Amino acid sequence: MVRFIIIRLLQTVVALIGIAMLIFVLVRVSGDPALMLASATHTAEDIQQIRVNLGLDKSIPEQFWIFVTDVVQGDLGESLFKKKPVTEMIGAALPNSLRLIVPSWAVAMLGALLLGVLGATRRDGFLDNGVKFIAILGQALPGFWVAIVAVFIFSVTWQLLPTSGLGGIDHYVLPVCTLGFFVLPGMMRLVRSSMLDVLDSEYIKLARIKGLSERRIIWKHALRNAVIAPLTVAGMLFAMLITGAVIIETVFSWPGIGFIIVEGVLARDFPLVQAIVIMVASFVLGINLLVDISYAWIDPQIRYQRT
Amino acid sequence: MSEIVLKVEDLHTSFFTRSGEFRAVDGVSFHVREAETFGLVGESACGKTVTGLSILRLLPEPAGKIVSGKITLDGTNILELSKKEMRAYRGAMISMILQDPMTSLNPVYTVGNQIAEPVRQHQRIQDKNMVEEKVISALRLLRIPAPERRLQDYPFQMSGGMRQRVVGSIAMSCYPRLLIADEPTTALDATIQAQYIALFKDVQKETDVAIIFITHDFGVVANMCHRVGVMYAGKIVETAATSTIFKAPRHPYTNALIHSVPRLDRKDDRLYSIEGQPPSLLNLPPGCRFAPRCPDVMDICNEQQPQEVEISEGHSVSCWKVK
Amino acid sequence: MSDVILEGRDLKKYYPVTKGLLQRTIGWVRAIDGISFTIERGKTLSLVGESGAGKTTAAKAVLLLERLTSGEILFEDRDIYKFSKSQMKAEYRPRVQSVQQNPWSSMNPRMRVRDIIAEPLVVNTKQTKEQIRKRVLELLEQVGLAPNQADYYPHEFSGGQRQRIAVARALALNPSLVVLDEPVSALDVSIRAQIMNLLKDLQNQFNLSYLVIAHNLATVRFMSHSVAIMYLGQIVEYGDAEELFQHPLHPYTRALISASMLTLPEDAEQGVEQIILKGEMPSPLNPPPGCRFHTRCSETQDICSKEVPEMKEYGKQHVRCHHVVYR
Amino acid sequence: MPEKASDSETTARPVVSGLSRRARIMRRLTFIVPVTILSLMIIMAIFADLAWLGLPDVGLAPYDPVKMSLPDRLMPPFWDEEGSTEHLLGTDKMGRDILSRLIFGARISLSVSLLVILITSFVGTVLGILGGYLGGRTEAFLMRITDISLAFPPILVAMLLAVSMGPSFVTVVLAISLLGWAAYARLIRGETLRLRQMDFVAQARIIGASPLRIMLRHIFPNVINPLIIIMTLQIGLLIITEASLSFLGVGIPPPAPSWGNMINDGRNLVDTAWWISTFPGIAIALVVMSGNFFGDWLRDKLDPRLRQL
């Protein structure tokens, strides 16, 4: 198990370097950052000055080396507009994002698990059709539109909840629910179908032959096997949460990572955007690592094979 | 003669699907006695597995339904039991062994855990040590070496033969009256298969359990069963003691099956073979179901279904040729 | 040219078992470990054994689906591993064909029967469309299918009919040797006889050689001229089929035959006891020292766990056992 | 190898569904309605105007979608008292006709989706088949990249590209495609691995077929069904992604009438001019739902095994 984690960890580091390289190349290939930053009022000297500031006058390998060493040291550059180190900005925004993402994730996961299982076990019943309806609707409505409509209904028309910004618990209700709704349908669908597959299996048949109660069969025998498949897409779930967070934070003016990256994009604050992308990339890799490990924990076969 | 444990009378089970009604089991009757093994033999789709599942009332929902018939276990018609009462029968009074040991155990729980479940459920034992004792004795019944050390093993750590013994332990853990074994040895190698059959003969001697042995392999039938019912397209065409089936089969289908299998004890140059395929269960011939393939077909065979005739004590045949 | 069409000499296939960060090799799975056999023209050799015995690996080596670790395969007295690529393509591949166990997965579901049977001709020959069409119809007839069935897809056939199509495909290139990998075990009992009779008829008609992989001894006795019994990667007994079935010399062969024998209830009462082997086949990763069978053998002696028995000749049979009682 | 009893193969899984009449009608409706909506959208996209025939003034859209007309600004839909049949679905804050923008929006959404689907399915299929068939290190490497790509939010790549290249149609297509191939590669590789185990592939090797022939003749035809299913199911996802990007200002740059742009335009006016955001929202929902229903229907028809897609 330890050895397995070490291998995965090494692979993760290699992948991180690969991604840094990819981002570096992507940015250099797709345009001259200095020209992008320059507006009509800049003279040729100004542009040259920006180049020097960003280190763009050096050779490509040299630039890459500087880029990598900076990243490794945690120096992700300075925001072009706020004139602050981007790490500082991210540090301030990240907790806000987590405050939004973690409860949404919990709400979505619990909801998906519960509804997915109930749907699968009462196949084609009233509840199952309700579950399917939520899934269809949730996957068809754009999240930002749902958020806007929710604001219109709950905050503007009924004035029950605040429209935007940080604050007390009431400020959380709308953003958390809408973000949760972002990821819930997909997960629910997956839990449902994976549960249906498991319920079809021979060992569930054997559990029935044993005379176990349906409840025991579902929550003991089927569930643990059924969560293996949704777990494999936990990475995709993370991607969906980040995407959702960017949108929801924008709609609710929630000062998290998503909010500042959108600001950064609109202001063409290139170091900020790049830094956030790199940060998210390392998160992605971390999540992949965690998934692999928890996978091994749930499925004893993997756990034993790799010790 | 020992007492009758299970009696199945005129059982009809169908699957209702988009393309119509599949009459998987169409009027099947037989009985099994204490300490007796009854073989249900036939080719794929003849209805032998569905018969087994009907007895447990575990047909795939919602398509499968028992249309009519009577299934009596120790004098109780189990088709009249409530769902809850039926559940108390399963695992305790009637149990089953499935074909493929590689998929019939839950991969994420230990063997001990899985055997303990029926013990806790049906014998209402909660004391941990008592349960463990019961589990170990179930493993011992199936001759699993070093049972104490096996409790914590996961299924994937065992060979196919061992897993099938674990499935046997689960089935026998509450000492049921009736065991349905659905091709339990088909997925096993020849020498392991012989071990398993010998083992089950011992288990039967120790527990007096009645066994319904579902298989397509006549070799297994000969070694294991006391009496045999041969199934074709949803019906039992011939029932008799095992040696009678082998030595004096009366139904042309039984005869064809027995003679189309090559013999190990002599060299054959050609095999007896019947042409064609079993009929579709959606579109059954009006008369005898075997008529289209039968070498001795007569006019009446294509028009009317033959009735079951008892030609001697314990030997019944459904064929127009047999009077 | 001798009568031997294919000869395997001391074939070995080891798979490395690796572990750890650097994928260090910590052992070898000896799938087959020094087996030799010959197949004569127009005759059938069967490799028999339980799963894990190595029979499938041997067949795959002959079909070039696996590269051997060592050993020679002689085809008409020439070592095929010394063939050039083009020689292989022209002189070996087309002449050694096969029929697989599972008729449900051995055909591309997206191809018509016509194209399935024609594919070997398309890949290996430069025949015209018309020639190929004629040949396909001829093959269909030979395996007992109607010409109008050529335009159906495989899923429109039953298992037995599919196996006939597979036989037609194997015969398309007029091969000398056909590898039959469990040709009837996936079929229903009443269909098996049809296919086995067909295979025998075709063998006589075209003077084909068969290499049969099987676990069912009765099938083997019906099909074969000679038989090799395999256990844990080795051949333990090898020789003329009739001799072997009437006078099995190796204890494993005897156990296998006994396990597959029909014993009716009254036979058992008359004291005809089955030989029941104890235990299971050990892992090929860690085969027992000495005779590989000694852990399950009822006649085991001291020497069995210490010395590896050599293959010895007894009349028409070759046996790998320390204490053969011959006649 | 032990023999397999063929019971499980042929018998016995009759399709479990005692479908009632009502259910059958529902089933048919879930096919007809989505197909109608999708066809309507395609017609809207093609015939929004006939500029491609050299007739820019003829088309389904009543107005030029980007033409501003400040006097007509913020007109509600025609059924409202203040609305008029001049602008059936009203106008936005620049006085642009909502209906015309919706019709032209279909063109943008559809062309982005189609382009992305073509690029990603091609790349994903090629890599999936190669990885699955060749195996070994190629495959391991490919799968790691696939996993990472799947876990990476495409919205961030789009932002990075928008910053470095500036937002444009090309940026959007590129940004979504850069990660989008991974979903195909993952599925196709899985299918290829399954097919590679099948005896007919071994059989093709035995008759001497080359790896290229095996991949083209034996593997590819057998992955077409899942490929079509996933392509259909992707339509909805792509339309939403494009709309989200536009909404955040990193998609199709305004004033182009992308549905996401339109929702963004009306975002701060939901209380006074609800129609600006609502109609494009409904349009997206309808099209996405149709795409998903159609995909589900196709899957049930072609390959019910792929329930988890």
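Numbers restart at 1 for each chain; the letters A, B, ... are given by sequence-line order, proteins then strands. Keep in mind that what you see is a predicted model, and the values were worked out from it rather than measured.
- When side chains are defined from C-beta on, C:L187 does not count as touching B:E43, because their heavy atoms never get closer than 4.5 Å.
- C:R320 is linked by a side chain to side chain donor-acceptor pair (under 3.5 Å) to nothing, counting only residues two or more places apart in sequence or in another chain.
- Nearest heavy-atom pair across C:E50 and B:T191 is OE1-OG1, 2.5 Å.
- Taking all atoms of both residues into account, the shortest heavy-atom contact from B:L264 to C:A218 is CD1-N, 3.8 Å.
- Neither the backbone nor the side chain of C:S283 comes within less than 4.5 Å of any heavy atom of chain B.
- With rounding to the nearest 0.5 angstrom, the OG atom of C:S190 is 9.5 Å from the CD atom of B:E275.
- For C:L277, the parts lying near chain B are the backbone and the side chain together; criterion is any non-hydrogen pair under 4.5 Å.
- Separation of atoms CD (C:E280) and CG (B:L188) is listed at 9.0 Å; rounding is to 0.5 Å.
- Looking at every heavy atom in both residues, C:M261 comes nearest to B:D265 through CE-CB, 3.8 Å.
- Taking both residues in full, the closest heavy atoms of B:G276 and C:I191 are given as O-CD1, 3.7 Å, listed atom of the first, atom of the second, then distance.
- Around the CD atom of C:E141, the shell of radius 6.0 Å holds no more than 12 heavy atoms that belong to other residues, nucleotides or ligands.
- Looking at B:M224, there are no atoms closer than 4.5 Å to chain C (heavy atoms on both sides), in backbone or side chain.
- For a residue to count as touching a neighbouring chain, one of its non-hydrogen atoms must lie under 4.5 Å from one of that chain's; by this rule B:Y272 touches chain C with the backbone only.
- Under the ring-ring contact (aromatic ring centres under 6.0 Å, His included) criterion, C:Y231 pairs with C:Y252, C:F293, not counting sequence neighbours.
- The shortest heavy-atom contact between B:K267 and C:R221 is NZ-O, 2.9 Å.
- For the options C:V189, C:L217, C:I276, C:N197, heavy-atom pairs under 4.5 Å to chain B are most numerous at C:N197.
- Of the two parts of B:R266, only the backbone, made up of N, CA, C and O, holds a non-hydrogen atom closer than 4.5 Å to a non-hydrogen atom of chain C.
- Taking the side chain to side chain donor-acceptor pair (under 3.5 Å) definition, one finds that C:E237 meets it with C:T253, C:Q317, sequence neighbours left out.
- For C:E242, the part lying near chain B is the side chain, with the backbone staying farther off; criterion is any non-hydrogen pair under 4.5 Å.
- In this structure, the portions of C:F222 lying under 4.5 Å from any heavy atom of chain B include both its backbone and its side chain.
- To the nearest 0.5 Å, atom CD of residue C:Q194 and atom CG of residue B:L271 are 11.0 Å apart.
- B:R23 CZ: 12 or fewer foreign heavy atoms inside a 6.0 Å radius.
- Contact of the C:M281 side chain with the B:D189 side chain is not registered, since no non-hydrogen atoms from C-beta on lie closer than 4.5 Å.
- Using a 4.5 Å heavy-atom cut-off against chain C, the contacting residues of residues 193-200 of chain B are B:A194, B:Q195, B:A198.
- The two residues B:S44 and C:D188 make their nearest non-hydrogen contact at OG-OD2, 2.5 Å.
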